[in-house]
J.: 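Can you keep this structure in mind? I'll have questions shortly.
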Amino acid sequence: MESYKDLGRKISMNSIRLVDRISPIENLEDTFLAYLNKVASWMETLFSYLGEALSDDSHAVEGKIKRWADEFGQRSSDCEIPLDYALHFIFGSRMAICEFLEEELFHNPISAELIARGSNKINLLIDLAARSIVTHYTNSMNNTKRALQHSNRNLDISLAELNNIRTALYEATIFSITDKDNCIIQVNDQFCRLTKYDRNELIGQDHGKIFVSGVHSEEYLENIRQEIKAGRVWNGEICNRAKDGTLYWVDTTIIPFLDPEGVAYQHISIQYDVTEKKKTEEILLKSEKVSLIGDLAAGIAHEIRNPLTSIGGLVQLIDESEPEKNDFYKEIILTEINRINFIVSELMVLAKPHAVYFSWFNIEDSIQNVIDLMQPEANLRNVMFTFDNKENITKIYGEKNQLTQVIINMIKNAMEALPTGGTIQLSAVQNNGRIVLSIRDNGIGMSDEQKKRLGEPFYTTKFNGTGLGLMVCFKIIQNHKGTIEIDSELNAGTTIKITLPIHTANSTERVKVDKNLM
């Protein structure tokens, strides 16, 4: 007759077959097979332990089954197996062993008492495993609950922070939200005050059409649309038209919101009114022009007086009886008149109000014209110009009048740094898609402290200066996406390098600004 240990060894040896005996969950056959594949090896281990409990010391096996139950519970949880499914495997193992014992009782001489004792021990161990698994799932659910509560608290904090940010945006900025078709879906009160529209008049309107001012070209506006459509943040200054027809400038940042596929489904526009700032800049620009014209007046008056004296004398020498001499005199007179006309024309370009208009032009020609314009003052100051323009420079895209003013200002500063005369060297070179203008003098130079403060409003090293000239120059070059570098040493001269992109970020825009606004 088989012993208790023989029965245990048979259970361990048939662990794989016993796994196959576990009955499926009703109406979930396909799902059950998927779960069974994930835990089959674990169930084989359980059957081996149950067999070991009959053939060896059951107390030692209890510890193994407890550890197994903890790990099986973790495994089932990680595989997202519901608790009732996990318990089905445990209690299904009981049914599989009972069927196995019935077969053994039918085919082999085994006492009923032995079967009963074995079934009782196995039932106790299976119940132990079930309790351990339920405990694991309970702890896991409690941990999940605490994590959810913590997440909810964090979510409440995040919602509060978002609400504070929303409030700040509404109160401190000019704020609007548009959908993927550029239709306005939300605006704040400041947006309505600036545009002079009611909120009901704005909702549903095309943001890109209702405020069109005519200042910007269609290419410029299309470039903004393409940047947003591509999911990129756009920042820049835009001139818009309010409901009453007035123009206003806003420093604008447009941030697109993207869906999971990376497509912009709406975008937020955060704006700041810079109309007064624009007007102030234009006032400073005009005042600096007036200052420049005043400084140039003495030299220009001297330069005009000389040809006028020549013209007056030659007119008196004209004698109709000597046609050959008369032709010679007339040629000199026309030359002098053309010289006066050039000086006056250049002075008028600097003095008259003009629209800000970006265009392609030859920067070398502008530098040469400035040299010719300032030559009279240079002669008075005993200053000599040299201009290295051997390279064939590509035309640059920018505002010709503003850049001309920058060159005049820099040369004027260089001459004032030469109290007893000297040399000013100018050059223009092209390098990696950029133009580098260099203005070097051998004058008195500057200290490190003076260099640090260059460009500050009302800071000047001149006796009667305003400090606005360099500030205006820095602003003009900044608007052209360029840079100004100043290298100077006391009593060793100063070198100014102006770097400009040939094709600026604003090159898609032919801007003609209303000079009354500016």
Side-chain angles (χ1 to χ4, degrees), residues 284-285 287-300 350 363-364 366-391 402-431 434-478 480 482-500:
L284 291 176
L285 193 65
S287 66
E288 184 59 25
K289 285 182 181 180
V290 172
S291 175
L292 280 174
I293 293 169
D295 291 342
L296 293 173
I300 291 174
L350 181 64
I363 191 70
E364 288 184 313
S366 296
I367 295 173
Q368 188 59 58
N369 289 341
V370 171
I371 292 174
D372 293 340
L373 177 65
M374 302 191 74
Q375 189 64 57
E377 185 176 355
N379 293 337
L380 292 175
R381 293 175 176 269
N382 193 29
V383 173
M384 183 177 67
F385 292 122
T386 64
F387 181 29
D388 181 6
N389 58 345
K390 296 177 183 178
E391 291 192 24
Q402 288 187 350
L403 292 178
T404 298
Q405 181 177 345
V406 170
I407 296 168
I408 291 175
N409 202 305
M410 295 302 180
I411 292 178
K412 174 174 165 288
N413 287 343
M415 286 196 297
E416 291 174 349
L418 299 167
T420 59
T423 301
I424 298 176
Q425 299 172 324
L426 298 99
S427 67
V429 297
Q430 185 173 329
N431 185 19
R434 304 180 77 82
I435 300 293
V436 179
L437 310 179
S438 178
I439 303 167
R440 176 177 177 78
D441 65 69
N442 57 350
I444 58 177
M446 291 178 286
S447 66
D448 291 339
E449 184 61 29
Q450 289 173 323
K451 283 191 294 183
K452 289 178 183 178
R453 300 192 62 185
L454 289 178
E456 291 183 14
F458 308 110
Y459 173 75
T460 180
T461 59
K462 306 173 188 175
F463 176 73
N464 59 347
T466 64
L468 298 177
L470 267 182
M471 188 196 73
V472 171
C473 290
F474 276 107
K475 181 62 178 176
I476 291 173
I477 298 303
Q478 180 184 351
H480 284 76
T483 60
I484 296 179
E485 297 179 18
I486 300 177
D487 183 24
S488 182
E489 292 183 20
L490 281 174
N491 303 317
T494 301
T495 300
I496 299 173
K497 286 187 178 180
I498 302 172
T499 303
L500 293 166

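Note: hydrogens, waters and symmetry copies are ignored here, and every other heavy atom, side chains too, is used.
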J.: What pair of heavy atoms forms the shortest contact from His480 to Leu500, and how long is it?
T.: CB-CD2, 3.9 Å
J.: Check step by step if side chain to side chain contact (heavy atoms under 4.5 Å, CB included) holds for Leu426 and Ile411.
T.: CA-CA 9 Å; Leu426 298 99; Ile411 292 178; 3.6 Å; yes
J.: Is any side-chain heavy atom of Leu437 closer than 4.5 Å to one of Ile363?
T.: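 Counting from C-beta outward, Ile363 and Leu437 do come under 4.5 Å.
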J.: Given side chains that start at C-beta, do those of Ile424 and Met384 come closer than 4.5 Å, heavy atoms only?
T.: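 A side-chain contact under 4.5 Å is absent here.
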J.: To the nearest 0.5 angstrom, please state how far the CZ atom of Phe387 sits from the CD1 atom of Ile371.
T.: 5.5 Å
J.: Could you grab the distance from atom CD of Gln402 to atom CD1 of Ile476, nearest 0.5 Å is fine?
T.: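 That separation rounds to 4.5 Å.
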J.: Of all residues at least two apart in sequence or in a different chain, which pass the side chain to side chain contact (heavy atoms under 4.5 Å, CB included) check with Ala378?
T.: Gln375, Val383, Phe385, Met415
J.: Please, which pairs that meet salt bridge (Lys or Arg N to Asp or Glu O under 4.0 Å) have at least one residue in residues 379-389, sequence neighbours excluded?
T.: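 Residue pairs with at least one partner in residues 379-389: Glu377-Arg381.
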J.: Hey, could you give me the CD1/CD1 distance between Ile407 and Ile439, rounded to the nearest 0.5 Å?
T.: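 Ile407 atom CD1 to Ile439 atom CD1 measures 6.5 Å (nearest 0.5 Å).
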J.: Restricting to non-hydrogen atoms, name the atom on Asn382 and the atom on Thr420 that form the minimum distance, rounded to 0.1 Å.
T.: ND2-O, 4.0 Å
J.: For the residue pair Gly482 and Arg434, what are the closest heavy atoms and their distance?
T.: CA-NH2, 4.3 Å
J.: Is any side-chain heavy atom of Leu403 less than 4.5 Å from a side-chain heavy atom of Ile477?
T.: yes
J.: How far does SG of Cys473 sit from CG of Asn413, to the nearest 0.5 angstrom?
T.: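 It comes to 7.5 Å.
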J.: How close do Gly422 and Asn442 get, heavy atom to heavy atom, and via which atoms?
T.: CA-OD1, 3.9 Å
J.: Between side-chain atoms of residues 484-498 and protein atoms elsewhere (two or more places apart, or another chain), which donor-acceptor pairs fall under 3.5 Å?
T.:
residue: Ser488; atom: OG; partner: Met446; partner atom: N; Å: 2.8
residue: Ser488; atom: OG; partner: Gly493; partner atom: O; Å: 3.4
residue: Ser488; atom: OG; partner: Thr494; partner atom: OG1; Å: 2.7
residue: Thr495; atom: OG1; partner: Arg440; partner atom: NH1; Å: 2.7

